[in-house]
Amino acid sequence: MSSRYNHKVVEKKWQDLWSKLKVFETIKDVNKKKYYVLEMFPYPSGKIHMGHVRNYTLGDVVARYKKMKGYNVLHPMGWDAFGLPAENAALVEKKHPEKWTYQNIKTMKNQLLRMGLSLDWKREIATCHPEYYKHEQKFFIDMFNAGLAYKKEAEVNWDPVDKTVLANEQVIDGRGWRSGAVVEKKKLSQWFLKISKYSDELLSDLDSLKNWPNKVKIMQSNWIGKSVGSEIDFKVSGQDTSITVFTTRPDTIFGATFLAISTEHELTKKILKQNNDLNNFIKECEGINSEKIKKGFKTNMYVDHPFINGKKLPIFVANFVLQEYGLGAIFGCPAHDQRDLDFANEYNIEIIPVVKPINIDEKDLKITNEAFTQDGIIINSNFLNGLKIEEAKDKIIKEIEIKNIGRKKINFKLRDWGVSRQRFWGCPIPIIYREDGKILAVEDDELPVKLPEIKNFTESSSALRNISEWKETKCKKTGMKAYRETDTFDTFFESSWYYFRYCNSRLKEPFERSDIDYWLPVDQYIGGIEHAILHLLYSRFFTKALRDLNYFNLDEPFKGLFTQGMVTHITYKNNSGEWVEPRDIERVGNKFIDKNGSNVETGKIEKMSKSKRNVVDPNDIIDSYGADTARWFMLSDSPPERDLQWTDTGIAASYKFINKLYELVEKFKNYETKNPNDSRTIEALKKIINEVSNTIEAFQFNKSVAKIYEFVNTLSDGLSKYRLSKENFKWSLAKLSLILQPFIPHISEEIWSNVGDNSLCINQEWPVEEIKSELNLKLAIQINGKTKEIIEIDSNLEKDGVMETIKRNERVKKNLLGKEIVREIYVPGKIVNLVVK
RNA sequence: GGGAGUAUGGCGGAACUGGUAGACGCGCCGGAUUCAAAAUCCGGUCACUUCGGUGGUGUGGGUUCGAUUCCCUCUACUCCUACCA
């Protein structure tokens, strides 16, 4: 594609000028209203991908728009720089992971600079820098002292090949994501943060997040998983002990016919000591999917039913009872729980219905293979009979509490956050273990605990536990020998507070309270939906924890959240079933061929990924078409929250548009038409300008793009059909450059420099146009709800006048021929509907 | 199993609180320009039609003067989550 517009020169020119004039460097100004725009910071993996381009383009539109609207905009960027890929790369290159990381940061920063983003680079951070992570070590110590961080044995996902713990999300179908080895469960002593303390607050505060997508709030709410029920103690028959269960259906207590405990329950452990059969049973269970096959081991123990004298329930050890949820013990009511029913049928356990559907007679109620779990009326339940489920729950809980055999109880699915990772490239956990067995926080003045310098990075140096000179230390106070904690933090630790650090990223302290008061919360946070739970929940927790540690007074970090869709691309497969990269594809008629000339089949449209080989490199696009073209395409067509399909024709269209804008400026330079006014065009343009504002406010940038096309089309028509005056042409171009500024800022400045003053376009005020009320209104005329005619009428006409005008219209007359008007509906400015018979 | 969402031309998608369905872009068709092509520019483009109209927003129904929009039914697809007692 040829063009006269040299994007390379023009884009570089404006980027340099913005930088030279420090246009995007922000200073706190309490007299100015602030706006904090933040996009999720990238992991420095090597180069940016289209997902980044989309994410940062969206954020840049908001940042530039808000700046022009007069806000003091904070729009920072940084690097989520700790993580496993750096270690893997370091092993290959035998260099410190730091080298690889900083190299990538350099490359990616250059790429971001070429996109022309309105970022304040003065605030840039890299989380692997000791001046960054020392603060989170301090936070951790504060949490430790406040009882918010603690250590306990926990089961982890252990990759036997990579010899490391994996996070849950790194285990795919039971195998390590990198090694492919079957992941083992292993008990390790781990550090935890007490996020569960905030379960209730994390849940209820979701309501206050009005500018969050509902979807994300529902996901978090499900994850937190609050359920209201009760605990009930069952006395073990003939013994002094009892087993406590958690249930959300205490109303079905009279239908209880067995009790089941998990394979890891304390009682199970006790029985295990004497019973080898149970041991065999547990081993047997390991290979079984308990969701499909329910297995149980009948112990010779029973519990007494708390409300039926003399009734005893057998105790089973069952594979479907989870130790992690509730108390690892349940009472089984087969009639009203599918799992219990499946289990009961397998082991011939009695089934007693205690809830009946409202419109079915008790006699006709049969439960065989399907449990009844809906609303109904209680039966077979002594003093609960005749009550509705909710009433029965209240009553039975009262009884339980009176008898002192249980209590109302709220349970959460949310578990405490395990933050220990057996990795090198992470933030060291600032703890020492003294030889006398004491676990101590590292003293403040010894922070940061830095990672060791390693010249030759090998497998053995890739874990801190192997580096004895680093590991061995002394307790400063007592002089006793000690060794350091060799685990590092989960990298979600760094991303849980980076948005605070941006307030003043070079400060000696983590931040200044007055800065937090001014800048936070983030007004608009933008990122992928994949962080809906983990990152966003951890950040919310961190904010609340730091608040309680008196760092500031803030409940929620992100006031507005926007989750963008993915960038997708069609996939191609050759005859051998291998994926083929788009750049190796050629189109011949309706068919596609690869480099070797063989046919290629098109497959599904999928998220751009290396494995599917359907990736388009932003670098190539910016080289050939420029940043404005890439940005414009990212914003066109698809609503930001939906997936965006990458197409070559789409990028070509964007390129065409950028060139058209340039040609418009060239045209202006030589434009000499002297015909004066065409108010019709100018009025139309003013209307469009306001519509662009509305669509930006609503985060519907695809519509902004459509409106801008309309602007240019209207302007072109104004020039060719109505011979717009040069002054009006100039006015139009100036306005155009303003509304283009958030989207494609380089060409916007270029236009402005030809028609505006000497200042920068980005420093102008966003245009707000006054619309003249139109003299003539378009009115649609419907007969029986079907539009027959559109006419223009004087906007001052009253209903009667309007009706008269309409009835004089030829088409309307024709349609009314031989009919009788039954009703006349008039919606001013919109329609007239004549109902006829 | 549970939860959330989506469905409009050949394609991506518009249509404000119910009021002109298909804006805008792509693609396609025709024309101009060109030795020719690319690029560019202009015009057309939901379907059927006897050129009067008629039908049309996944399916079937309902509310209404009027439904892409609200309510119910069904279907298809996407995403999340998963023994949570």
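Order of the sequence lines sets the chain letters (A, B, ...), proteins ahead of strands, with each chain counted from 1.
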Would you mind reporting whether [Y] and [X] have side-chain heavy atoms less than 4.5 Å apart?
X	Y	value
A:Leu322	A:Ser262	no
A:Thr681	A:Asp717	no
A:Lys788	A:Ile783	yes

Whether [X] contacts [N] is assessed here as follows: a side-chain N or O lying under 4.0 Å from the phosphate OP1 or OP2. Is that the case?
X	N	result
A:Ser227	B:A85	yes
A:Tyr325	B:A85	yes
A:Lys788	B:U54	yes

TODO: Kindly assign one of parallel, tilted or perpendicular to the pair A:Tyr347 and A:Phe343, based on the angle between their ring planes and the thresholds 30° and 60°.
DONE: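 The arrangement is tilted - the two ring planes meet at 30° to 60°.
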Task: Plane angle bin for A:Phe316 and A:Phe258 - parallel if under 30°, tilted between 30 and 60°, otherwise perpendicular - done: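 A:Phe258 vs A:Phe316 ring planes: perpendicular.
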Task: A:Glu266 atom CD: more than 12 heavy-atom contacts under 6.0 Å - done: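 12 or below, so no.
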Open item on the list: Please check if the number of heavy atoms outside A:Lys786 that lie under 6.0 Å from its NZ is greater than 12.
Closed with: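 Atom NZ in A:Lys786 is not crowded, with 12 or fewer foreign heavy atoms closer than 6.0 Å.
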Hey, does [X] reach any base, or is it just sugar-phosphate, or nothing, if we go heavy atoms under 4.0 Å?
X	answer
A:Val321	base
A:Phe246	base
A:Asn411	nothing

Tabulate atom names and distances for all N/O pairs under 3.5 angstrom spanning the protein and nucleotides 27-33 of chain B.
none

Pick the [atom1] atom in [N] and in [M], then give their distance to the nearest Å.
N	M	atom1	value
B:C42	B:U78	C1'	42 Å
B:U57	B:C70	P	15 Å
B:U68	B:U20	P	10 Å
B:C46	B:G61	P	28 Å
B:A7	B:G60	C1'	16 Å
B:G27	B:G12	P	15 Å
B:C24	B:A15	P	13 Å
B:U69	B:G58	P	8 Å

- [ ] Report the distance from atom CG of A:Asn694 to atom C1' of B:A23, rounded to the nearest whole Å.
- [x]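 Atom CG in A:Asn694 sits about 16 Å away from atom C1' in B:A23.
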Task: Atom-to-atom span, CD of A:Gln220 to P of B:U81 - whole angstrom - done: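 Answer to the nearest Å: 13 Å.
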Open item on the list: Pairing donors with acceptors under 3.5 angstrom, does anything connect the side chains of A:Asp643 and A:Thr568?
Closed with: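 Not at all, the side chains of A:Asp643 and A:Thr568 share no donor-acceptor pair under 3.5 Å.
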Open item on the list: Measuring from the side chain of A:Asp337 (C-beta onward, heavy atoms only), which nucleotide among B:A23, B:A85, B:U20 has the closest atom?
Closed with: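 Ranking B:A23, B:A85, B:U20 by closest atom to the A:Asp337 side chain puts B:A85 first.
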Task: Which nucleotide in B:C80, B:A4, B:C84 has an atom nearest any side-chain atom of A:Arg339 - done: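 For A:Arg339, the side-chain atoms sit closest to B:C84.
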Output one line per pair: protein atom, nucleotide atom from nucleotides 65-70 of chain B, and distance, for all N/O pairs under 3.5 Å.
residue : atom : partner  : partner atom : Å
B:C65   : OP1  : A:Arg823 : NH1          : 3.1
B:C65   : O2'  : A:Asn833 : ND2          : 3.4
B:C65   : O2   : A:Asn833 : ND2          : 2.4

Open item on the list: Treating primed atoms plus P, OP1 and OP2 as sugar-phosphate and everything else as base, which nucleotides of nucleotides 8-17 of chain B get B, S or - for protein heavy atoms under 4.0 Å?
Closed with: ----BSSSBB
Open item on the list: Assess whether a salt bridge exists between A:Glu231 and A:Lys408, defined as any Lys/Arg side-chain N lying under 4.0 Å from an Asp/Glu carboxylate O.
Closed with: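 Here A:Glu231 does not pair with A:Lys408 in a salt bridge, since their nearest N and O are not under 4.0 Å apart.
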TODO: Quick one: pull up CZ in A:Phe633 and OG1 in A:Thr649 and give me the separation to the nearest 0.5 Å.
DONE: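 That separation rounds to 7.5 Å.
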- [ ] Test salt bridge (Lys or Arg N to Asp or Glu O under 4.0 Å) on A:Lys735 and A:Glu769 and set out the steps.
- [x] CA-CA 10 Å; A:Lys735 295 290 179 183; A:Glu769 301 302 326; 2.8 Å; yes
- [ ] Examine A:Lys294 relative to A:Phe320 and say whether NZ or CZ is less than 6.0 Å from the centre of the six-membered ring and inside a 45° cone about the ring axis.
- [x]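 Judged by the rule, A:Lys294 and A:Phe320 form a cation-pi pair.
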